[in-house]
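Residue numbers start at 1 and run along the sequence shown.
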Amino acid sequence: MPLNSLSVVLAEDSPLMRDGLVGVLTRFGHRLAAEVGDADSLVEAVRTHRPDIVVTDIRMPPDHSDDGLRAAIALRREHPALPVLVLSQYVEQSYAARLLDLGSDGGVGYLLKDRVSAVTEFVDAVTRVAAGETVVDPEVVRQLLHRRQDPLRRLTPREREVLSLMAQGRANAAIARDLYVTEAAVNKHVSAILQKLDLRVDGEGHRRVLAVLAYLRA
């Protein structure tokens, strides 16, 4: 088994989607501790197997509403450091806010199901959340940015690009690679963004992302 192999509890009520996720995760060397199709089974599986990460759909039985998210929140209260990655069919701002309010003891992620088809992006998100990072789907970030247009007018176009990547959980070195600029330039942009948006400067990447997202969803 690879050294970076993760133990995963997967909750997804669609057999087709569940099989696809299992195939992707195992292909990249991760181990499925349990595969379940409802929220109650998710809670039981996590309590039994103590996985490295939970990957769960938001909507699933028994109520077919936000059962998966509620189960993930309950489990996070029991195990504050448990990494949780939730999948959603659509962007739902209230779901993103509830997930991000879980705290910073463990990694959290919010991805649209369409992102799963980009296999490497999905697996990268799983790995990063398991490592304690915050990962938010770029489309969720785009919609949050759109809703906060007035305050963001203080930012330059380049600063908006950097802010979007910050909110997705990218470190400064990764942002520099994505934008083909130096890391020093990114550092200057980040400092300017935090100053213009009156955000607390924090060297810890996870807290920085949470601060940015808290601003965007306010």
Side-chain angles (χ1 to χ4, degrees), residues 1-76 79 81-92 95-96 98-100 102 106-142 165 168-171 174 177-178:
M1 186 175 295
L3 292 177
N4 61 347
S5 176
L6 298 171
S7 169
V8 183
V9 165
L10 171 66
E12 167 60 58
D13 64 318
S14 165
L16 184 61
M17 173 64 80
R18 188 166 63 244
D19 287 349
L21 291 170
V22 169
V24 169
L25 290 168
T26 55
R27 191 197 332 162
F28 281 81
H30 302 305
R31 178 176 63 84
L32 273 297
E35 310 157 30
V36 300
D38 63 82
D40 293 337
S41 298
L42 167 60
V43 173
E44 182 179 350
V46 171
R47 288 172 177 169
T48 299
H49 298 285
R50 296 296 185 92
D52 296 318
I53 185 171
V54 167
V55 178
T56 179
D57 188 9
I58 286 180
R59 295 183 179 272
M60 62 173 55
D63 297 332
H64 294 280
S65 59
D66 60 348
D67 299 70
L69 179 60
R70 286 189 281 115
I73 291 172
L75 287 166
R76 186 62 172 259
H79 312 287
L82 175 68
V84 173
L85 173 62
V86 301
L87 306 176
S88 179
Q89 192 69 43
Y90 308 103
V91 175
E92 178 56 60
Y95 291 163
R98 288 164 63 190
L99 178 68
L100 294 167
L102 287 179
V108 292
Y110 183 102
L111 287 186
L112 297 181
K113 286 190 173 180
D114 287 347
R115 195 69 51 191
V116 176
S117 61
V119 172
T120 55
E121 288 186 36
F122 168 66
V123 175
D124 177 63
V126 171
T127 303
R128 290 169 60 201
V129 171
E133 295 186 34
T134 299
V135 178
V136 182
D137 194 284
E139 179 60 21
V140 176
V141 174
R142 188 192 68 78
L165 292 167
Q168 293 171 38
R170 298 294 182 187
R177 289 193 298 271
D178 288 346

Worksheet, complete the sentence: Closest non-hydrogen contact found for Leu69 with Val86 is CD1-CG1, 4.3 Å
Worksheet entry | Considering all heavy atoms, the nearest Gly68-Leu42 contact | O-CD2, 4.3 Å
All N/O donor-acceptor pairs, side-chain side in residues 16-29, below 3.5 Å, sequence neighbours left out:
from	atom 1	to	atom 2	distance (Å)
Arg18	NH1	Glu12	O	2.4
Thr26	OG1	Val22	O	2.8
Thr26	OG1	Gly23	O	3.2

Worksheet item: Can you name the closest pair of heavy atoms from Leu82 and Arg76 and give their distance?
Response: O-NH1, 3.1 Å
Worksheet item: Excluding sequence neighbours, so at least two apart, what forms side chain to side chain donor-acceptor pair (under 3.5 Å) with Ser41?
Response: Asp38
Fill in: Closest non-hydrogen atom pair between Gln168 and Val136, with its separation
CG-O, 3.7 Å
Distance-only donor-acceptor hits, side chain of residues 45-60, under 3.5 Å, sequence neighbours excluded:
from	atom 1	to	atom 2	distance (Å)
Arg47	NE	Glu78	OE1	3.3
Arg47	NE	Glu78	OE2	3.2
Arg47	NH2	Glu78	OE2	2.5
Thr48	OG1	Glu44	O	2.9
Asp52	OD2	Ser7	N	2.7
Asp57	OD2	Lys113	NZ	3.0
Arg59	NH2	Tyr95	OH	3.4

Worksheet item: Can you list every pair that meets salt bridge (charged side-chain N to carboxylate O under 4.0 Å, His left out) and has a residue in residues 61-75, with sequence neighbours left out?
Response: Asp63-Arg70, Asp66-Arg70, Asp66-Arg98, Asp67-Arg70
Discussion item. What's the separation between atom OH in Tyr110 and atom CG in Leu85, rounded to the nearest 0.5 Å?
Written reply: 11.5 Å
Discussion item. To check you understand the geometry: which heavy-atom pair defines the closest contact between Arg128 and Thr134, and what is its length?
Written reply: NH2-O, 4.3 Å
Discussion item. Please enumerate all residues that pass side-chain contact (heavy atoms from CB on, under 4.5 Å) together with Ala174, with sequence neighbours excluded.
Written reply: Arg170, Arg177
Side-chain donor-acceptor pairs of residues 115-123 under 3.5 Å, sequence neighbours excluded:
from	atom 1	to	atom 2	distance (Å)
Arg115	NE	Asp137	OD2	3.0
Arg115	NH2	Asp137	OD1	2.9
Ser117	OG	Asp114	O	2.6

